[in-house]
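Below, chains carry the letters A, B, ... as their sequence lines are ordered, and counting in each starts from 1. Side chains are part of it too, since the values below use all heavy atoms of this structure and drop only hydrogens, waters and symmetry mates.
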Amino acid sequence: MTSKIPCVVLLGPTGAGKTRAALHLACHLPGEVVNFDSRQVYRDFPRITAQPTPEEVAVCPHWLYGFLATDRKLTAGAHVRKCRPIIRGISERGKTPILVGGTGLYLRALLEGLAEVPEIPREVTMLLEQQLVLEGLDALYARLQEADPELAARIHPNDKQRTLRGLEVFEATGKPLSWFHGKQEAASDYRALLLGVQADLHALEPLLARRIDAMLAAGALEEARKAYGRCPDPTAPGWTGIGCAELLAFLESRLTLDEAKTLWLRNTRAYAKRQLTWFRKMPDVVWCGYDDPLLPEKMLDKAKAFLSGL
RNA sequence: GCCGAGGUAGCUCAGUCGGUAGAGCAGGGGACUGAAAAUCCCCGUGUCGGCAGUUCAAUUCUGUCCCUCGGCA
């Protein structure tokens with residue numbers, strides 16, 4: 001049995017200061033930063049998705065930021081497959097992998113693994129999407145109840161996305177998705193210290209508002225304009241990110257800039273709320289306040305104690 | 001000043017042929033196994049603009065006043 005790779009995870013809601021803390025850890029452990037945020041992967045949106053700046057990236061290696069084109073889609077599984085060799089490489093170089101991000105599903109998939117479901121052929125997915133339009137969600141959910149009663153019982157009949165996922169797995173493999181879940185092994189390859197940046201929504205809101213202004217001042221609009229030139233399809237995966245979608249609506253004259261900013265803030269806030277809900281229930285997270293000026297130092301101390309205690 | 005249209009939840013608005021009212025959004029809580037910055041679930045008492053009248057009963061009808069928005073002056 002191979003020993004588990006030690007790593008440090010930095011989690012928390014958007015805009016709470018994870019990037020800054022990660023840089024401090026990376027400099028002093030020493031370590032390298034690996035992204036687990038589903039949006040900071042887009043090449044065309046470095047500012048709007050708050051990726052580390054070129055100056056920050058120059059300080060130490062950063063992985064899985066800004067590598068994906070706007071019309072490409074990343075999935076939890078694909079992200080995990082990219083992450084694993086990178087984390088192993090960092091560890092073999094004698095450094096500590098520092099995982100930073102805000103996408104709860106990606107983190108869980110990485111730490112606990114994901115069921116091994118084969119790739120679903122595009123035709124299967126497209127056919128189901130057509131059937132959704134023709135037959136309605138109720139009919140598809142009823143089919144899921146036949147095909148995978150266990151999964152159907154767990155999801156809500158209105159949950160379009162999960163109903164389609166359950167059906168596409170069954171149609172493509174002949175086996176229920178819940179069967180794949182049951183067969184999954186619980187072993188993890190990593191021994192992770194979970195460090196959380198704690199912030200409540202009320203405190204976070206003004207920071208998020210200021211960050212939007214700062215992004216615009218730093219050329220967010222120009223960034224969106226350029227991205228639009230490269231990928232003018234508003235339904236492309238990269239455009240569905242918060243900030244991107246609102247600025248695109250402004251560029252296409254569907255919103256004024258003020259309306260776009262208001263919506264942007266509102267959506268960012270709602271997103272932060274979902275992140276807080278997700279991370280709150282995670283066990284064994286060591287929390288530090290976002291407003292603690294010594295947060296990077298405290299997190300570094302905890303990381304050092306964790307690594308020396310192994 | 002006159003004519004018209006309105007004033008109902010934090011916002012946008014439904015509605016009650018008279019029996020004290022409900023959607024969307026916002027807000028709060030939650031779920032989450034390859035779209036996850038996604039997808040979805042639960043949570044709705046508010047002088048129904050003020051005052052008076054009619055009525056067993058008015059947010060609903062009538063009068064009047066106030067305010068907002070159009071048009072005409």
Side-chain angles (χ1 to χ4, degrees), chain A residues 13-15 35-42 45 48-51 68 70-83 101-122 124-126 128-129 132 137 140-141 148 150-166 168-169 172-173 176-186 188 200-202 205 208 211-212 215 235-248 259 262-282:
Chain A
T14 186
N35 169 243
F36 70 89
D37 188 291
S38 69
R39 290 290 155 175
Q40 294 186 332
V41 298
Y42 283 104
F45 301 108
I48 301 173
T49 63
Q51 295 172 31
L68 198 66
T70 303
D71 61 354
R72 300 287 300 281
K73 185 153 72 180
L74 185 66
T75 65
H79 181 260
V80 170
R81 282 190 292 275
K82 285 180 190 298
C83 265
T103 304
L105 178 64
Y106 284 16
L107 178 62
R108 183 156 92 192
L110 188 64
L111 295 182
E112 297 172 21
L114 212 52
E116 281 178 43
V117 181
E119 202 73 20
I120 309 298
R122 262 184 67 73
V124 175
T125 309
M126 281 165 59
L128 279 166
E129 274 162 10
L132 175 68
L137 180 56
L140 294 201
Y141 182 77
D148 190 346
E150 193 184 323
L151 178 69
R154 237 179 30 235
I155 69 176
H156 193 276
N158 290 349
D159 197 331
K160 203 188 315 179
Q161 204 171 89
R162 292 188 177 85
T163 299
L164 284 175
R165 171 67 180 158
E168 73 173 16
V169 169
T173 68
L177 179 55
S178 53
W179 178 84
F180 289 99
H181 293 164
K183 172 168 111 80
Q184 181 186 350
E185 288 168 27
S188 172
D200 67 87
L201 271 181
H202 254 72
E205 191 163 0
L208 297 176
R211 190 170 70 159
I212 286 172
M215 284 175 178
T235 64
W239 277 118
T240 58
I242 295 167
C244 306
E246 293 81 356
L247 289 180
L248 181 62
E259 286 167 340
T262 303
L263 243 193
W264 185 354
L265 176 61
R266 188 193 284 169
N267 289 335
T268 307
R269 190 185 188 283
Y271 168 53
K273 179 176 150 71
R274 272 176 272 135
Q275 288 178 303
L276 287 168
T277 299
W278 182 290
F279 291 133
R280 189 150 44 210
K281 67 167 184 188
M282 283 186 76

Counting only side-chain N and O atoms of A/Thr103, is one of them less than 4.0 Å from OP1 or OP2 of B/A37?
yes

Distance between C1' atoms of B/G22 and B/G46 (Å, rounded):
11 Å

Looking only at the side chains, is there a donor atom on one of A/Thr125 and A/Glu168 sitting less than 3.5 Å from an acceptor on the other?
yes

Judged by nearest nucleotide, the residue sitting upstream toward the 5' end of RNA chain B, A/Tyr106 or A/Asp159, is A/Tyr106

Please determine whether a side-chain nitrogen or oxygen atom of A/Arg269 lies at a distance below 4.0 Å from atom OP1 or OP2 of B/A26.
no

Considering only atom C1', compute the distance from B/G15 to B/C72 and round it to an integer number of Å.
33 Å

If pairing requires Watson-Crick or G-U wobble contacts with both distances under 3.5 Å, which nucleotide is the partner of B/A26?
none

Residues A/Arg154 and A/Ser178: side-chain donor-acceptor under 3.5 angstrom
no

Under a 3.5 Å limit on both distances, the Watson-Crick or wobble mate of B/U33 is none

With a 4.0 Å cutoff (strictly under), does any side-chain N or O of A/Arg154 reach OP1 or OP2 of B/C32?
no

Just label B/G29 as syn or anti from its O4'-C1'-N9-C4 or O4'-C1'-N1-C2 angle, using within 90° of 0 for syn.
anti

Approximate separation, where rounding is to 0.5 Å, of A/His181 NE2 and A/Asp148 CG:
8.5 Å

Rounded P spacing from B/C42 to B/A23 in Å:
12 Å

Please state how far atom NE2 in A/His79 lies from atom C1' in B/A37, giving the value in whole angstrom units.
14 Å

Determine whether any donor atom in the side chain of A/Arg108 lies under 3.5 Å from an acceptor atom in the base of B/U33, or the reverse, and answer yes or no.
no

If B/U20 has a Watson-Crick or G-U wobble mate with both distances under 3.5 Å, name it; if not, just say none.
none

Taking the same atom, C1', in B/U59 and in B/C48, what whole-Å distance lies between them?
4 Å

Paired to B/U54 by Watson-Crick or G-U wobble criteria (both distances under 3.5 Å) is none

Go through A/Trp278 and A/Arg274 one step at a time and tell me if the side-chain contact (heavy atoms from CB on, under 4.5 Å) criterion holds.
CA-CA 6 Å; A/Trp278 182 290; A/Arg274 272 176 272 135; over 6 Å; no

Expressed in whole Å, how much space separates the P atoms belonging to B/G1 and B/U64?
16 Å

Looking only at B/A35, B/C25, B/C40, the nucleotide nearest the A/Glu129 side chain is B/A35

Where each residue is assigned the nucleotide of RNA chain B containing its nearest heavy atom, which of A/Gly243 and A/Pro118 is assigned the position nearer the 5′ end?
A/Pro118

For B/A38 and A/Thr240 - does any side-chain N or O of the residue sit under 4.0 Å from the phosphate oxygens OP1/OP2?
no

A/Arg266 side chain: which of B/A37, B/A26, B/A36 is closest?
B/A26

Counting side-chain heavy atoms from C-beta on, which of B/G30, B/A37, B/U33 comes nearest to A/Tyr271?
B/A37

Of the options B/C32, B/A35, B/C41, whose atoms approach the side-chain atoms of A/Asn158 most closely?
B/C41

Heavy atoms from C-beta onward define the side chain here; which of B/A36, B/A37, B/C41 lies closest to that of A/His156?
B/C41

Could you tell me whether A/Ala109 contacts a base, only the sugar-phosphate backbone, or nothing, with contacts defined as non-hydrogen atoms closer than 4.0 Å?
nothing

Return the nearest nucleotide to the side chain of A/Leu201; candidates are B/A31, B/G28, B/C40.
B/G28

Send over the distance from A/Glu259 CD to B/A26 C1', rounded to a whole Å.
16 Å

Rounded to the nearest 0.5 Å, what separation is found between the CG atom of A/Leu164 and the OH atom of A/Tyr141?
13.5 Å

Would you confirm whether the ring centroid of A/Tyr42 sits within less than 6.0 angstrom of the ring centroid of A/Trp239?
no

If you check the A/Ile242 side chain, which of B/A38, B/A31, B/A36 turns out closest?
B/A38

d(CG, A/Leu128; C1', B/A35) in whole Å:
15 Å

Atom-pair distance (CG on A/Leu74; C1' on B/U33), nearest Å
15 Å

A/Arg39 side-chain proximity, nearest of B/C25, B/A36, B/G34
B/A36

Integer-rounded Å distance: B/G28 P and A/Leu276 CG
10 Å

When rounded to the nearest Å, what value does the distance between C1' atoms of B/G49 and B/C66 take?
8 Å

When you check the side-chain N and O atoms of A/Thr240 and A/Arg39, is any donor under 3.5 Å from an acceptor?
yes

Taking atom CZ of A/Arg211 as the centre, does the number of heavy atoms from other residues, nucleotides or ligands within less than 6.0 Å exceed 12?
yes

Of all the nucleotides listed (B/C40, B/C32, B/G28), which has the minimum atom distance to the side chain of A/Lys160?
B/C40

At less than 3.5 Å, do the side-chain atoms of A/Gln184 and the base atoms of B/U33 form a donor-acceptor pair?
yes

Measuring only the C1' atom in each nucleotide, how far is B/U16 from B/A21? A whole number of Å is fine.
7 Å

For atom CG of A/Leu263 and atom P of B/C25, their distance in whole Å:
13 Å

Does a side-chain N or O from A/Arg162 land closer than 4.0 Å to OP1 or OP2 of B/U33, or not?
yes

Whole-Å distance between B/A35 P and A/Ile155 CD1?
13 Å

Would you mind telling me which of B/G28, B/G30, B/C40 lies closest to the side-chain atoms of A/Lys273?
B/G28

Taking any heavy-atom pair under 4.0 Å as a contact, classify A/Asn267: base, sugar-phosphate, or nothing.
nothing

Atom-to-atom span, CE of A/Met282 to P of B/C32 - whole angstrom
13 Å

Shortest non-hydrogen contact between A/Leu208 and A/Gly15, atoms and distance:
CD2-CA, 4.1 Å

Measuring only the C1' atom in each nucleotide, how far is B/G10 from B/U45? A whole number of Å is fine.
15 Å

If pairing means Watson-Crick or G-U wobble with both distances under 3.5 Å, then the partner of B/G6 is B/C67

